There are 2 protein chains.
Amino acid sequence: MRKESSTNTLNRNKIHVNCGMAYTLDLIGGRWKPTILWALLGGKLRYSELKKNIPDVSERILVLQLRELEKDGLIKRLVYAEVPPRVEYELTSDGQSMRHMLQIISDWGDLHRPKQAN
Amino acid sequence: MRKESSTNTLNRNKIHVNCGMAYTLDLIGGRWKPTILWALLGGKLRYSELKKNIPDVSERILVLQLRELEKDGLIKRLVYAEVPPRVEYELTSDGQSMRHMLQIISDWGDLHRPKQAN
DNA sequence: CTCATTACTTACATTTTTGTCAGTACTTAA
DNA sequence: TTAAGTACTGACAAAAATGTAAGTAATGAG
């Protein structure tokens with residue numbers, strides 16, 4: 001939960017206003033958000049499929065990150081009135097508009113992260 | 001300070017291994033790092049100049065963020081043996097290699113962040 | 001009636017990040 | 001002698017992010 005009046009939050013908002021970079025990074029910078037976005041770039045996925053794709057995240061955190069991505073307009077949540085329930089997640093057009101950027105960020109990382117010993 | 005054995009830290013490291021995006025975002029995702037990098041894209045700056053450029057950051061946090069950027073190889077710290085002291089910060093070649101990516105991240109943000117009311 | 005399936009939620013605990021405030025070392029200038 | 005400039009550091013506190021473990025509702029299959 002955010003405390004609207006903390007210096008922390010005030011700073012965050014101030015920065016967004018004059019730094020587009022900081023704004024973008026705030027949207028995609030959560031622990032599991034890159035992985036989620038990456039998965040959804042391949043197309044629509046059910047909640048359970050996301051879970052399978054990302055085995056280390058706890059359900060609580062997965063849901064939290066999905067909710068934030070949704071609130072920020074990067075993904076859509078599609079609920080089907082079925083039993084057992086079916087919920088699918090997919091990128092919005094804003095989300096899709098990140099594709100090129102995400103690819104470049106990913107490439108930079110692949111190129112520069114320290115090599116694994118083996 | 002990080003606790004090397006917390007699930008939190010273990011997850012972070014695990015993600016880095018198979019997601020270049022997450023790795024990159026971890027390097028540039030601190031609260032003031034985008035602003036610092038943006039400033040240094042314009043060229044070398046003294047500590048005091050950075051402070052002037054980024055008036056809302058406290059000295060402690062500014063130094064912390066600079067140290068991390070340095071540890072991660074994105075900036076260099078140049079110390080001159082003078083009195084009063086002079087310390088300059090500049091991008092390393094790895095830092096420079098981010099220029100294009102940073103520009104794209106910035107552009108996305110400028111294009112998509114909610115417009116200010118006035 | 002019991003169990004499995006799906007997509008969660010709740011209460012709580014821990015870890016990490018960010019911020020506040022005061023102080024330091026060194027030297028030159030007034 | 002006192003003050004000013006520079007680039008910090010340290011002790012502490014608050015806020016935010018992440019993680020754990022257990023539980024829920026609805027329904028159909030056996």
Side-chain angles (χ1 to χ4, degrees), chain A residues 1-15 22 25-36 44-71 75 77-89, chain B residues 1-15 22 25-36 44-71 75 77-89:
Chain A
M1 258 313 154
R2 266 175 223 145
K3 213 173 152 179
E4 286 307 326
S5 60
S6 65
T7 303
N8 189 317
T9 293
L10 295 177
N11 277 344
R12 177 211 301 258
N13 295 336
K14 242 178 171 176
I15 292 171
L25 291 174
D26 236 27
L27 298 192
I28 63 177
R31 169 63 49 89
W32 302 94
K33 286 180 188 173
T35 314
I36 292 170
K44 217 174 353 188
L45 286 175
R46 295 182 64 163
Y47 175 77
S48 55
E49 295 173 314
L50 279 169
K51 242 175 40 185
K52 232 180 305 175
N53 266 284
I54 314 175
D56 290 319
V57 67
S58 71
E59 303 211 37
R60 180 177 128 72
I61 299 296
L62 178 54
V63 172
L64 268 183
Q65 305 264 302
L66 288 169
R67 293 285 182 274
E68 286 188 21
L69 289 169
E70 195 192 353
K71 166 177 74 55
I75 66 174
R77 184 167 173 268
L78 307 166
V79 184
Y80 299 86
E82 297 176 4
V83 170
R86 183 156 63 103
V87 177
E88 294 180 335
Y89 291 92
Chain B
M1 258 312 154
R2 267 177 225 147
K3 213 171 150 181
E4 286 305 326
S5 60
S6 65
T7 303
N8 191 317
T9 293
L10 294 178
N11 277 344
R12 178 211 302 259
N13 295 336
K14 243 177 170 177
I15 292 171
L25 291 174
D26 235 28
L27 297 191
I28 64 178
R31 169 64 48 89
W32 302 94
K33 286 180 188 174
T35 314
I36 292 170
K44 215 171 358 187
L45 288 175
R46 295 183 63 165
Y47 175 75
S48 55
E49 296 173 311
L50 278 169
K51 242 176 37 186
K52 230 180 306 174
N53 266 286
I54 314 175
D56 291 319
V57 68
S58 72
E59 303 212 37
R60 180 174 127 71
I61 299 297
L62 178 55
V63 173
L64 268 184
Q65 304 265 304
L66 288 169
R67 293 285 181 275
E68 285 188 21
L69 289 168
E70 196 192 354
K71 166 177 73 57
I75 67 174
R77 183 167 173 269
L78 307 166
V79 184
Y80 299 87
E82 298 176 1
V83 170
R86 183 155 64 102
V87 177
E88 293 179 336
Y89 291 92

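Chain naming here is simple, since letters A, B, ... match the order of the sequence lines and numbering starts at 1 in each. Worth saying up front: this structure is predicted, and the values here are computed from it rather than measured.
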Run the salt bridge (Lys or Arg N to Asp or Glu O under 4.0 Å) check on B/K44 and B/E88 step by step: do they pass? CA-CA 6 Å; B/K44 215 171 358 187; B/E88 293 179 336; 3.8 Å; yes
For atom [atom1] of [X] and atom [atom2] of [N], their distance in whole Å:
X: A/I61; N: C/dC8; atom1: CD1; atom2: C1'; value: 14 Å
X: A/K52; N: C/dT6; atom1: NZ; atom2: P; value: 8 Å
X: A/E82; N: D/dT27; atom1: CD; atom2: C1'; value: 12 Å
X: A/E59; N: D/dG23; atom1: CD; atom2: P; value: 14 Å
X: B/L66; N: D/dA7; atom1: CG; atom2: P; value: 11 Å
X: A/I15; N: D/dA16; atom1: CD1; atom2: P; value: 14 Å
X: B/D56; N: C/dT20; atom1: CG; atom2: P; value: 10 Å
X: B/N8; N: D/dG19; atom1: CG; atom2: C1'; value: 8 Å

Find the distance between CG (B/N11) and CD1 (A/I54) and round it off to the nearest 0.5 Å. 11.5 Å
With rounding to the nearest 0.5 Å, note down the distance linking CD1 in A/I61 to CG in A/D56. 13.0 Å
Choose from D/dA7, C/dT6, D/dC8 the nucleotide whose nearest atom is closest to any side-chain atom of A/R46. C/dT6
For a quick test of reading the model: is some side-chain N or O of [X] closer than 4.0 Å to OP1 or OP2 of [N]?
X: A/S6; N: C/dT18; result: no
X: A/R60; N: C/dT14; result: no
X: A/N11; N: C/dT18; result: no
X: A/Q65; N: D/dA17; result: no
X: A/R31; N: D/dG19; result: yes
X: B/T7; N: D/dT20; result: yes
X: A/R12; N: D/dA17; result: yes
X: B/R86; N: C/dC26; result: no
X: A/W32; N: D/dA17; result: no
X: B/R67; N: D/dT9; result: yes

Relative to the 5' end of DNA chain D, which residue comes earlier, B/V87 or A/S58, by the nucleotide with the nearest heavy atom? B/V87
Test item: [X] and [Y] side chains (from C-beta on) under 4.5 Å apart, heavy atoms:
X: B/Y89; Y: B/L66; result: yes
X: A/R77; Y: A/Y47; result: no
X: B/R46; Y: B/V87; result: no

Toward the 5' end of DNA chain C, by each residue's nearest nucleotide, A/P85 or B/L64: A/P85
How is B/S48 classified with respect to the nucleic acid when contacts are heavy atoms under 4.0 Å: base, sugar-phosphate, or nothing? sugar-phosphate
Over all strands shown, is B/Y89 touching base, sugar-phosphate only, or nothing at heavy-atom distances under 4.0 angstrom? sugar-phosphate
